[in-house]
Amino acid sequence: MTGARASGLKTSDLTRQRRRSAWLFLLPMLVVLAAVAGWPLVRTVYYSFTDATLATLDAYARVGLDNYLWLMRDPVWWRAVWNTVLFTVVSVSLETALGLVVALTLNAHLPGRGLLRAAVLIPWAIPTVVSAQMWGWMFHDLYGVVNAALLGIGVIAQPQAWTADPNLALPVVIAVDVWKSTPFMALLILAALQMLPQDIYEAARVDGVHPVKVFFRITLPLIRPALMVAVLFRTLDALRVFDLMYVLTGNSRSTMSMSVYARQYLIDFQDVGYGSAAATLLVLILALATVAAITLGRVRFEAGR
Amino acid sequence: MRLRRTAGRIAFGILVLGIVVYAVFPFYWAIVTSLKAGSALFTVEAWPSQPSLDNYRAIFSQQPFGRNILNSLGVSLSVVALSLGLAVAAAYALGRVRFRGRTLLLLVVLGVSMFPQVAVLSGLFELVRWLGLYNRMGSLVLSYMIFTLPFTVWVLTTFMRELPKELEEAAMVDGASPFVIVTRVFLPLMGPALAATGLLAFIAAWNEFLFALTFTLTDEARTVPVAIALMSGASQYELPWGQIMAASVVVTVPLIALVLVFQRRIVSGLTAGAVKG
């Protein structure tokens with residue numbers, strides 16, 4: 001198509017050659033992604049309309065929407081949806097608020113900053129499974145340090161079974177996630193803070209604007225785009241949470257997330273059809289959340305810049 | 001005025017101290033617990049009165065934890081090598097060549113990074129079994145590509161795009177092929193970007209749990225996170241907390257060391273992947 005152009009025939013040859021090799025360079029990555037992401041996703045959606053089990057993955061009957069209908073009638077599934085949404089909203093809000101505090105502290109030019117940044121990176125570096133075990137031990141009902149400390153200062157009258165009590169288990173899971181994920185939030189916010197133009201702050205100081213007002217009128221609006229991206233990333237991560245619940249409370253219904261529910265059916269109960277339906281719904285919910293965030297929150301990705 | 005300033009400084013100091021204690025205490029407590037043997041485990045004290053390394057000996061003698069560490073190392077290093085190799089090639093195409101569908105491809109790659117792992121579990125299980133990789137490390141190296149490839153491709157593409165055009169043009173005038181351009185011109189300049197993304201990929205692979213839990217069966221084939229999550233003691237009702245904490249400390253210390261040494265690179269890698277992404 002470019003050959004019709006009279007001028008620059010040689011460049012267009014070169015361009016075409018470059019394009020061809022570009023696809024060649026992309027091919028291995030695309031093949032791998034198609035094998036580990038595209039094809040398995042297609043299979044999951046397909047299985048969700050069948051009664052396949054883990055033992056009979058190649059001998060199954062199509063059952064139409066049956067799996068989805070059962071899912072709609074299962075109170076445990078709705079409990080898992082509610083747990084996941086509650087977990088996501090509460091932990092992401094707390095992480096954003098705490099992340100802002102930590103980022104503003106890191107951004108202040110005061111001594112002890114290096115130490116603070118190093119300390120903050122530690123929860124981020126610790127594997128989720130390990131942090132779940134560490135906190136599981138701290139929240140232990142008989143020998144945990146949390147019970148000992150709270151009893152010592154008189155906040156609670158008797159030891160609490162933190163991870164076994166259905167009313168306390170989800171708050172505990174949220175607390176562990178806040179500890180683990182706030183650093184990520186703080187680092188992303190810090191990066192945004194460090195790109196802010198300093199002259200606005202000079203001007204605000206000369207005019208004697210109160211620091212709180214400076215934060216809400218200048219800082220927050222300016223870092224909003226970066227903040228929205230960070231919130232979106234954390235939200236998508238929180239909606240598919242698995243490790244924390246699985247390690248802290250096993251398959252307990254009081255904390256079960258959608259991922260835990262789907263995996264329990266897929267692997268433990270070997271009901272691939274039903275588990276796939278749950279997994280497919282999770283994908284749909286994630287896709288909806290992304291679309292909502294991009295349109296409502298006006299999140300912009302600088303993709304084809 | 002001066003009083004207010006001092007008060008402000010003290011408040012700030014307390015805030016910093018509070019954050020540091022909050023961030024570090026659980027890890028400190030894991031170290032304390034790991035050094036307690038026998039019934040000392042069940043007393044709450046700031047430092048064990050008789051520190052002992054029994055738990056550390058036990059994880060390597062009673063549990064196949066040495067084997068688990070080797071598994072994790074092997075898987076993570078293979079994942080890093082493979083995803084960097086694939087991503088450098090892809091990033092050249094996506095970052096340096098203009099072609100139709102480039103933006104769409106980048107968005108697809110970004111979309112893959114948002115997949116919930118459980119959504120590909122049944123399909124991957126089928127693939128893993130078909131390839132004969134069940135209960136083998138290969139299944140994990142393959143499946144981990146789903147989360148390491150998208151962000152390595154994304155970050156390296158951003159980096160490639162920023163490199164000066166003149167470099168490539170000079171090489172092209174000399175008649176260099178795209179392969180030579182990537183390996184001889186760009187690769188030597190990409191050290192920092194490769195280190196940052198490689199480190200993040202390593203940490204992600206080292207920490208992964210769901211696939212490792214599902215695609216391995218025997219104690220010897222497990223990776224570190226699965227081993228720590230499923231560690232059991234003499235009786236099935238009593239968890240060996242001392243050993244669990246010892247194992248946690250063993251796998252976390254090198255990670256923390258890596259993170260502290262490469263803090264700046266990690267922070268820049270994370271932000272390139274997320275804020276710019």
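Letters go in sequence order (proteins before strands), and every chain restarts at 1. None of the values given here were measured: they were computed from a predicted structure. Just so you know, these numbers use all the heavy atoms, side chains as well, and skip hydrogens, waters and symmetry mates.
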- Task: Check each atom of A:V178 against the heavy atoms of chain B and say whether the ones under 4.5 Å are side chain, backbone, both or neither.
- Result: both

- Item | A:L54, part contacting chain B, at a heavy-atom distance under 4.5 Å | both

- Task: Below 4.5 Å from any heavy atom of chain B, which atoms of A:A108 appear? Answer side chain, backbone, both or neither.
- Result: side chain

- Task: Examine whether an atom of A:W179 lies under 4.5 Å from a heavy atom of chain B, and if so say whether it belongs to the side chain, the backbone or both; otherwise answer neither.
- Result: both

- Part of B:V224 within contact of chain A (heavy atom distance under 4.5 Å): neither

- Give the ring-plane orientation class for A:Y46 versus A:Y60, where under 30° counts as parallel, over 60° as perpendicular and anything between as tilted. perpendicular

- What part of A:L41 is in contact with chain B, defined as an atom under 4.5 angstrom from a non-hydrogen atom: side chain, backbone, both or neither? both

- Against chain B, label A:L266 side chain, backbone, both or neither, depending on which of its atoms sit under 4.5 Å from a heavy atom there. side chain

- Item | Spatial distance of atom CG (B:L124) from atom CH2 (A:W39) [nearest 0.5 Å] | 12.0 Å

- Message: Please check this pair: side chain of B:R161 against backbone of B:L94, looking for a donor-acceptor N/O pair closer than 3.5 Å.
- Response: no

- Non-hydrogen atoms of chain A under 4.5 Å away: do they reach the side chain of B:F99, the backbone, both or neither? both

- Item | Inter-residue atom distance B:S248.OG - B:I228.CD1, 0.5 Å rounding | 4.5 Å

- So which of B:V109, B:L106, B:L110 actually passes side chain to side chain contact (heavy atoms under 4.5 Å, CB included) with B:P150? B:V109

- CZ/B:F179: more than 12 non-hydrogen atoms of other groups inside 6.0 Å: no

- Message: How about CZ on B:R129, more than 12 heavy atoms from neighbouring residues, nucleotides or ligands closer than 6.0 Å, or not?
- Response: yes

- Query: Given that the side chain runs from C-beta out, which part of A:I267 has a heavy atom under 4.5 Å from chain B: side chain, backbone, both or neither?
  - Reply: side chain

- Message: Does the plane of the ring in B:F25 sit parallel, tilted or perpendicular to the ring in B:Y28? Use 30° and 60° as the thresholds.
- Response: tilted

- Message: At a 4.5 Å cut-off on heavy atoms, which part of B:V249 comes close to chain A: side chain, backbone, both, or neither?
- Response: neither

- Query: Which bit of A:V42 comes within less than 4.5 Å of chain B, counting heavy atoms only: side chain, backbone, both or neither?
  - Reply: neither

- Query: Relative to chain A, which segment of B:I203 carries a heavy atom at a distance below 4.5 Å: side chain, backbone, both, or neither?
  - Reply: side chain

- Given that the side chain runs from C-beta out, which part of B:Y144 has a heavy atom under 4.5 Å from chain A: side chain, backbone, both or neither? neither

- Which answer fits A:S21, side chain, backbone, both or neither, if we ask what part of it has an atom under 4.5 Å from a heavy atom of chain B? side chain

- Item | Sidechain-backbone polar pair: A:D271 side chain, A:Y265 backbone, donor-acceptor under 3.5 Å | no

- Checking B:L213 against chain A: side chain, backbone, both or neither under 4.5 Å from a heavy atom? both

- Check whether B:S113 gets within reach of chain A through its side chain, its backbone, both or neither, counting any heavy atom under 4.5 Å. backbone

- Output the distance between atom CD (A:Q133) and atom OG1 (B:T33), rounded to the nearest 0.5 Å. 12.0 Å

- Verify the ring-centre separation between A:Y143 and B:W241: is it less than 6.0 angstrom? no

- Quick one: what part of B:L149 sits under 4.5 Å from any heavy atom of chain A, side chain, backbone, both or neither? side chain

- Task: Pick one of side chain, backbone, both or neither for B:V88, based on which atoms fall under 4.5 Å of a heavy atom in chain A.
- Result: neither

- chain A contact via B:I244 - side chain, backbone, both or neither, heavy atoms under 4.5 Å: side chain

- Message: Determine whether a donor-acceptor pair (N or O, by modelled atom type, separation under 3.5 Å) exists between the side chain of A:N67 and the backbone of A:S48.
- Response: yes

- Item | Residue B:V112 versus chain A: region with a heavy atom under 4.5 Å | side chain

- chain B contact via A:A230 - side chain, backbone, both or neither, heavy atoms under 4.5 Å: neither

